Amino acid sequence: MPIGARFFKKARADSETCRLPARPNGKSLYKTDLSIQTIPLQRSKILSYPHLLSSPSTIPSLRLHGLSCFLPRPSSTFGFSLLLRPRYLTSFYYHVSRSPLSDSSALLHSCKDLQTLKQIHGHLAVSSLHKQISIAPKLVALYAEFGDFESSVSVFRSLEEPNTKLWNLILKMYVYLGMFDLGVAVYKQMRQLGVKHDGFTLPLLNQAILMIGSDVVFGKIIHSVGIQVGFGLDLYFCNTLIEVYVKCGYISLAHRLFDEMCLRDFVSWTSIISGNVTDGNTVLAIDLFGKMRKELQPNSVTMIIVLRGCSASGSAVLGKQFHGYLMKSGFLNDCSVRNSLLQMYANTNSIEDVEKLYSESVRTDVVAFNILFYSYKSVGDFERVVKSFRDMQGEVEPSVETLTLVASSLSKYGSVQHGEQLHCFAFKSGFCDLVFLTCLITLYANCGNLGASSKLFQEIPHKSTVTWSSMMSAYVQHGYYVKAVALFKQMQAARIESGAEIIRALINVSADMGALQMGKEIHGYCIRSLSTNSLDFNSVLETSILNMYIRCGNISSARHCFGRIVIRDLITWTSMIEGLGTHGLGLESLTLFNEMVREGTEPNSVTFLSILYACSHSGLTNEGCELFHSMKWEFGVEPELHHYTCMVDLLGRSGKLGEALALILKMPVYPDSRIWGALLAASRVHMDRNIGDYAAKRLLELEPDNVGYYVLSSNIQASDSQWNEARAVREVVSETDLKKTPGWSCIEVERAIEGFVSGDRSHPQMQEVYEVLEILHKEM
């Protein structure tokens with residue numbers, strides 16, 4: 001069915017009684033109702049009109065109505081080219097002779113395709129019945145339903161004085177096709193020609209505002225026009241206008257209009273209650289619900305909206321109270337209401353209530369099972385997800401949404417075997433849509449089977465941006481940075497626009513690899529995409545670019561990026577403070593911290609961790625101690641273990657090992673291996689064997705399998721000429737077969753990333769590399 005055609009099925013049925021869709025009170029705006037009589041088709045004499053078809057002067061004159069300025073132009077035969085082609089009419093006239101008006105209506109009602117409609121239209125044109133005011137709306141609606149909008153407009157233009165119903169049909173066609181400019185032009189022409197409004201004209205304009213998401217100003221204009229033409233208190237018009245105000249975010253205007261209405265129905269009450277729920281004012285929504293009960297008995301739609309408000313409040317107490325009302329009023333027999341109640345309990349993490357309500361349900365559908373899976377997934381109960389899915393298969397047929405929920409749960413807590421079983425089940429059931437397959441890619445990647453993820457990705461014929469992003473994230477997650485970059489180049493070759501998530505992943509890849517040139521290229525791509533409005537260049541993406549320059553060692557470019565960020569949030573400030581500290585610019589980092597505080601941005605625990613790190617690596621001992629003191633007593637941030645570790649490193653670097661040890665022993669949190677490691681490293685630098693031995697003892701008690709700490713302890717013993725002790729430590733390493741993970745590094749050369757592992761001599765240019773290292777060693 002052509003796009004937009006489904007919106008005209010209702011218009012077609014309504015045009016059979018020469019009226020537009022029913023008003024909210026169920027009454028038709030127009031009294032005229034033609035009786036429709038179905039006649040049997042008889043094989044009759046072939047009727048031919050050669051004198052009509054051969055003489056252009058006998059073709060009915062089709063007078064324009066001044067709409068040529070904006071209505072689409074018909075064909076050269078004015079949309080009735082079939083009149084000049086007898087073959088369209090020959091087979092038709094085998095069965096149909098001249099029909100009265102009621103028979104013509106029956107014929108139009110029986111139309112199933114565009115070709116039949118054109119045959120009947122040709123017969124009506126020859127019989128001069130196509131201009132009948134009762135036939136024209138049917139023709140306009142049918143042509144629109146079958147997707148021939150040009151013919152629909154042509155029929156409209158052929159009428160000398162189309163009435164309001166026909167104007168509304170054309171207006172409705174443009175609105176639902178998304179041609180809002182033409183719809184507004186039709187309405188303006190309608191006003192200029194003095195065509196009267198009916199109760200459906202302005203609501204159609206309100207519908208256009210809702211579909212395009214216009215500013216509330218347009219809603220106010222239509223409201224004013226409605227008052228001027230006498231529809232200010234019309235129920236249908238006011239209901240659509242309330243929805244406009246709500247969708248535009250002006251709930252106060254919706255309340256004002258609601259209070260001014262003399263007559264209010266279910267739609268009025270439900271719209272204003274829904275508006276308050278959307279606005280986050282659940283208390284007022286419940287209060288309006290209570291007032292509604294005094295005037296009208298709420299229906300199931302109202303109940304679902306109130307439950308949505310209870311869910312948004314985050315508290316199950318209000319939902320339980322409403323649960324009692326639903327039980328008393330009998331609404332729990334409604335499947336949609338019961339599922340909404342289940343969803344409310346699931347959103348508030350009331351798993352016991354979800355299970356109880358589910359077990360009390362006489363009938364369960366696939367939606368109820370999906371909500372049950374969602375509730376188990378939200379609390380991380382993977383085993384119940386699998387068990388419930390197996391139980392479901394004996395009761396209800398799963399949907400593709402069910403499989404997607406299960407796959408999403410398995411991606412966090414499952415295994416490859418579970419993923420393969422689910423994949424096979426989906427393939428046999430035929431439920432493999434794009435969203436589900438994308439979840440499977442993530443599932444296989446999270447379970448460590450990157451090969452299965454890559455194979456499934458290649459098998460998907462039409463990939464979305466999310467699918468590309470999932471595969472790229474999988475490569476990044478497992479450290480396959482080169483493949484992630486290659487995948488991005490494939491995206492560009494396929495002319496697929498990259499979303500913000502993909503760009504962020506690539507920027508993080510550049511930062512992890514230290515690939516500055518690649519990072520610059522991605523930054524340039526972002527700037528070009530920004531100029532074409534194809535990328536949402538938000539503060540998160542700007543901060544990622546900032547971090548990339550910092551981690552790649554280009555602090556000058558990082559300063560430039562930071563200066564160009566208009567709206568700086570706490571993460572942006574913290575990233576720049578940390579970057580300056582990492583590059584040894586402690587004073588500049590401290591200045592930036594003070595500037596942030598002056599601008600009104602409150603630092604958090606991560607910000608203090610960054611500034612303490614900067615002070616530690618720049619020798620700013622006094623400044624670091626002052627910040628540590630102000631952290632709790634001035635800014636109200638309670639120090640955590642990471643902050644104490646920074647302070648131990650700060651004091652240790654300045655040679656205050658006694659104060660560092662005292663801080664460890666007095667701090668309110670239990671010390672971990674990192675804080676003892678910081679003290680041990682400082683002891684080695686300042687040759688304090690006693691504190692070093694004590695720190696090493698505590699350290700090896702916490703992490704006896706960390707070979708790095710054994711090596712550090714041995715080096716401390718050797719630096720103090722304690723060779724026997726150093727040898728004993730290394731013998732422990734040999735006896736326990738502990739091995740140190742070799743370090744690796746990489747460098748970007750001519751847009752290629754070259755990686756080097758400690759002790760590895762497999763690189764093809766290893767001889768040249770070591771010659772350069774020898775030169776550098778002599779220079780240093």
Side-chain angles (χ1 to χ4, degrees), residues 307-308 310-312 314 316 319-320 323 335-450 452-453 456-457 460 466-467 469-471 473-474 477-478:
L307 283 171
R308 184 158 54 89
C310 296
S311 176
K320 288 182 178 180
H323 186 177
C335 186
S336 299
V337 175
R338 187 176 65 250
N339 288 337
S340 296
L341 185 61
L342 273 173
Q343 187 67 58
M344 184 275 300
Y345 282 130
N347 290 341
T348 55
N349 291 329
S350 303
I351 306 302
E352 295 180 359
D353 294 315
V354 171
E355 292 177 333
K356 183 178 179 181
L357 179 60
Y358 177 81
S359 62
E360 293 174 351
S361 301
V362 179
R363 295 174 300 170
T364 54
D365 56 6
V366 66
V367 178
F369 271 104
N370 290 346
I371 296 171
L372 188 66
F373 295 151
Y374 170 78
S375 62
Y376 290 147
K377 175 193 171 186
S378 61
V379 296
D381 197 338
F382 154 72
E383 294 181 356
R384 285 192 180 183
V385 172
V386 176
K387 182 180 181 300
S388 299
F389 179 67
R390 289 172 178 168
D391 296 340
M392 174 190 187
Q393 297 177 42
E395 301 180 29
V396 180
E397 182 180 359
S399 64
V400 67
E401 290 80 13
T402 308
L403 301 182
T404 303
L405 274 170
V406 176
S408 179
S409 303
L410 291 173
S411 66
K412 293 184 178 180
Y413 312 105
S415 61
V416 175
Q417 182 180 2
H418 286 109
E420 291 175 344
Q421 292 174 357
L422 185 66
H423 193 177
C424 291
F425 177 84
F427 184 78
K428 293 178 181 178
S429 305
F431 288 142
C432 293
D433 71 344
L434 185 58
V435 178
F436 171 68
L437 293 176
T438 303
C439 283
L440 276 181
I441 289 175
T442 305
L443 188 157
Y444 285 132
N446 289 347
C447 294
N449 194 346
L450 192 61
S453 292
L456 179 59
F457 176 80
I460 298 176
V466 179
T467 310
S469 178
S470 298
M471 192 67 244
S473 299
Q477 175 186 347
H478 290 274

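These figures come from a predicted structure and were not determined experimentally.
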- With sequence neighbours excluded, residues passing ring pair (Phe, Tyr, Trp, His ring centres under 6.0 Å) with Phe373: none
[Y] side chain reached by [X] side chain, heavy atoms, under 4.5 Å:
X      : Y      : result
Gln477 : Asn446 : yes
Leu440 : Phe436 : yes
Leu456 : His423 : yes

Check salt bridge (Lys or Arg N to Asp or Glu O under 4.0 Å) between [X] and all other residues, then give those that pass, not counting sequence neighbours.
X      : result
Lys320 : Asp353
Asp391 : Lys387
Asp381 : Arg384

- Determine the interplanar angle of the Phe369 and Tyr358 rings, folded into 0 to 90°, and report it as parallel if under 30°, tilted if 30 to 60°, perpendicular if over 60°. perpendicular
- Shortest non-hydrogen separation from Ala346 to Ile371 and the atoms involved: CB-CG2, 4.0 Å
- At their closest point, which heavy atom of Tyr444 faces which heavy atom of Glu420, and how far apart are they? OH-CA, 3.6 Å
- Message: Go through it in stages, so that I can follow the logic: the residues are Ser375 and Val379, the test is side chain to side chain contact (heavy atoms under 4.5 Å, CB included), and I'd like the CA-CA distance, side-chain angles, deciding distance and then a yes or no.
- Response: CA-CA 7 Å; Ser375 62; Val379 296; over 6 Å; no
- Quick check: does any side chain N or O of Ser429 sit under 3.5 Å from a backbone N or O of Ala426, one acting as donor and the other as acceptor? no
- Taking only residues two or more places apart in sequence or in another chain, which ones pass side chain to side chain donor-acceptor pair (under 3.5 Å) with Ser408? Lys377
- Residues two or more places apart in sequence or in another chain: which of them pass side chain to side chain donor-acceptor pair (under 3.5 Å) with Thr348? Ser350
- Query: Could you go step by step and tell me if Glu355 and Tyr345 meet the side-chain hydrogen bond (donor to acceptor under 3.5 Å, both in side chains) rule?
  - Reply: CA-CA 10 Å; Glu355 292 177 333; Tyr345 282 130; over 6 Å; no
- Item | Phe425-Phe389 aromatic ring centre distance below 6.0 Å | yes
- Message: Just by distance, no angles: are the side chains of Asp365 and Asn339 close enough, under 3.5 Å, to form a donor-acceptor pair?
- Response: yes
